[in-house]
There are 2 protein chains.
Amino acid sequence: MKTIDKHEKIIKAAVKVFAKKGFFSARISDIAKVAKVADGTIYLYFNNKFDILLSVFDIEIGRLINQVKELIEKETNPCRMLEIFALKHLSLLKENRSLAEIIQMELRQNNKLIKEYRVTKFSEYVDIISHVIRQGQALNLFRKDIQPGIAKRAFFGALDEMARLWILAPKPAYNIEETAMQISKIFLCGIIDKGSAQADEKRC
Amino acid sequence: MKTIDKHEKIIKAAVKVFAKKGFFSARISDIAKVAKVADGTIYLYFNNKFDILLSVFDIEIGRLINQVKELIEKETNPCRMLEIFALKHLSLLKENRSLAEIIQMELRQNNKLIKEYRVTKFSEYVDIISHVIRQGQALNLFRKDIQPGIAKRAFFGALDEMARLWILAPKPAYNIEETAMQISKIFLCGIIDKGSAQADEKRC
DNA sequence: GAATGATGAATCGCTATTCATTCTCCTTCG
DNA sequence: CGAAGGAGAATGAATAGCGATTCATCATTC
């Protein structure tokens, strides 16, 4: 059993336990039990309980962010880029429900470190959206009176709220493709420049 | 000093302390200090720490919900109703920042009682939106292919994300009116039925 | 037989909750 | 009118339990 294995095992276990109980109610001994490791072992790999949470953010959420980024970068049409963002964001969270729960719960905590996390790595992720909107505006696809900073939040917030539905409701009422499509559709219709020939051409 | 005064004082204090530190990190003695009351006194009015949080939800958030509901009910035009919802929701949260922080943080906790709260009182609030959308569809103002259940979440999620911005950022980059207007505009443009004469008439 | 990794029982600090005591403010009666 | 008394409210020091963290000890590997 290599060192690297235990580090990973503990993080995976922590994702499960934090998702189930929330950071504060989760006990180190819970994580240790799920990871099949002694309580003390955890302190060989992490400085303290909060450090485990930060590692979850860095590694697991970081992985999520990279996957979406990578896909977006392959596209050039801003409309398609937003559709892909919606679809991929939702489907990755759906696949990894525990992680989705942690994002919902812990990334909202009023904590200095978490706040910092939100303004660095995570907001870099959300900034993908405003960047795409600016591209669309430059191409005369999207209306110029839309503020990218507000629109990005509107779009991300809409997706985030759908993610919340899945976490709170035991049975999902809508499937991912349908949800992602509806949200991109509402949003795209809302920002597309109807006076523009480009918008028709690109079939946005 | 009447009994009713202390109950209120403790709740007001709890709103501040929970907002600042979060439920788990808030100490009863902190709340007591802010309320200018002895630690023990709190237990004359509340069963336990969690009971204080539930009371905050019931009383303070309930008050917020009622205010928005009341305003909406005065309107008949679905487009205006959505605009008013956006504006009032944001401005009430802005006025009561501590409460907004609690909503952001604690209403996301993975807790059975809070989950129940979300599926009763709070979702009744969000359901105002889907109700308005259905009205609009019945009047041929809004497109029929929009699913009210998804659209309500898209709209609410967008507003909620803007509220989050204000909480995390020390200095707000956008004012309320502008934000509410942009979000309603994007959303209304996204759901309005362009083929319909009604939509023009009503100047949506 | 070191050196490194792992263990888990014991420690230690923290804070929700309790409860014996004190305070406040009426009511009653001499 | 003022003193006595007592009911309910308020106090805050003491308790009690929890759980993060430590560390003396054990296991494994070379």
Side-chain angles (χ1 to χ4, degrees), chain A residues 1-59 101-102 105-106 109-114 117, chain B residues 1-59 98 102 105-106 109-114 117:
Chain A
M1 188 91 50
K2 296 274 183 50
T3 278
I4 196 121
D5 274 339
K6 288 227 163 124
H7 190 270
E8 175 107 8
K9 260 172 65 176
I10 293 169
I11 287 188
K12 296 280 190 207
V15 169
K16 283 182 200 151
V17 176
F18 286 154
K20 185 164 183 185
K21 307 191 146 196
F23 176 76
F24 287 103
S25 302
R27 273 167 293 159
I28 290 290
S29 58
D30 293 333
I31 298 174
K33 198 179 291 169
V34 172
K36 295 203 181 92
V37 137
D39 293 15
T41 305
I42 289 179
Y43 289 88
L44 298 176
Y45 296 93
F46 301 91
N47 296 326
N48 51 47
K49 193 181 171 186
F50 190 65
D51 189 34
I52 305 175
L53 182 63
L54 286 186
S55 297
V56 166
F57 283 164
D58 264 346
I59 295 181
E101 291 188 50
I102 292 177
M105 286 193 292
E106 308 305 339
Q109 282 308 316
N110 183 3
N111 178 294
K112 195 177 272 181
L113 277 177
I114 292 174
Y117 191 88
Chain B
M1 189 90 50
K2 297 275 182 49
T3 277
I4 197 122
D5 273 341
K6 289 231 161 121
H7 190 269
E8 175 106 9
K9 260 172 63 175
I10 293 168
I11 287 189
K12 296 280 190 207
V15 168
K16 283 182 201 151
V17 176
F18 286 154
K20 185 162 182 188
K21 305 189 146 201
F23 176 75
F24 287 103
S25 303
R27 273 167 291 158
I28 290 289
S29 58
D30 293 333
I31 298 174
K33 198 180 291 171
V34 172
K36 293 200 183 99
V37 138
D39 294 15
T41 306
I42 289 179
Y43 289 87
L44 298 176
Y45 297 92
F46 301 91
N47 297 325
N48 51 47
K49 192 181 171 186
F50 191 65
D51 189 35
I52 305 176
L53 182 62
L54 286 187
S55 298
V56 166
F57 283 164
D58 264 348
I59 295 181
S98 292
I102 292 177
M105 287 193 291
E106 308 305 339
Q109 281 308 315
N110 184 4
N111 177 293
K112 197 178 270 179
L113 277 177
I114 291 175
Y117 190 88

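Chain letters run A, B, ... following the sequence lines, proteins first, then strands; residues in each count from 1. The structure displayed is predicted, hence computed values, not measured ones.
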**Prompt:** With the sugar-phosphate defined as primed atoms, P, OP1 and OP2, and the base as all remaining atoms, what B/S/- string results for nucleotides 14-22 of chain C, 5' to 3', for protein heavy atoms under 4.0 Å?
**Reply:** -SSBB----
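Look at A:Y45 and you'll find a side-chain N or O under 4.0 angstrom from OP1 or OP2 of C:dA6.
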**Message:** For A:M105 and A:F23: C-alpha separation, side-chain torsions, deciding distance, then whether side-chain contact (heavy atoms from CB on, under 4.5 Å) applies.
**Reply:** CA-CA 9 Å; A:M105 286 193 292; A:F23 176 76; over 6 Å; no
**Request:** Step by step, work out the side-chain contact (heavy atoms from CB on, under 4.5 Å) result for A:V34 and A:I31.
**Result:** CA-CA 5 Å; A:V34 172; A:I31 298 174; 6.0 Å; no
N/O to N/O distances under 3.5 Å, protein versus nucleotides 24-30 of chain D:
none

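Expressed to the nearest 0.5 Å, how far NZ of A:K21 lies from CG of A:D30 amounts to 4.0 Å. A distance of 10.5 Å separates CG in A:L54 from CZ in A:F46, rounded to the nearest 0.5 Å. To the nearest 0.5 Å, the span separating CD1 on B:I52 from CZ on B:F18 amounts to 5.0 Å. Interatomic distance, B:Q109 CD to B:E106 CD, rounded to the nearest 0.5 Å: 5.5 Å. Atom-to-atom distance recorded for B:Y45:OH and B:I11:CD1 is 12.0 Å, nearest 0.5 angstrom. Atoms CD1 and NE2, on A:I59 and A:H7 in that order, are 5.0 Å from each other to the nearest 0.5 Å.
Going from atom CD1 of A:I42 over to atom C1' of C:dG8 covers 12 Å, rounded to whole Å. Atom NZ in A:K36 sits roughly 18 Å away from atom C1' in C:dG8 (whole-Å rounding). In this structure, the CG atom of B:L44 is 9 Å from the C1' atom of D:dT11, given to the nearest Å. A straight line from NE2 of A:H7 to P of C:dG5 spans 14 Å, rounded to a whole angstrom. When the C1' atom of C:dG5 is taken as reference, atom CG of A:D5 falls 14 Å away, rounded to whole Å. Computed from coordinates, the B:F46 CZ to D:dA10 C1' distance equals 15 Å when rounded to whole Å. Rounded to a whole Å, the NZ atom of B:K6 is 11 Å from the P atom of C:dT24. Atom CD1 of A:I31 is separated from atom P of C:dG8 by 17 Å (rounded to the nearest Å).
A donor-acceptor distance shorter than 3.5 angstrom exists from the side chain of B:K49 to the backbone of B:A26, with no hydrogens or angles considered.
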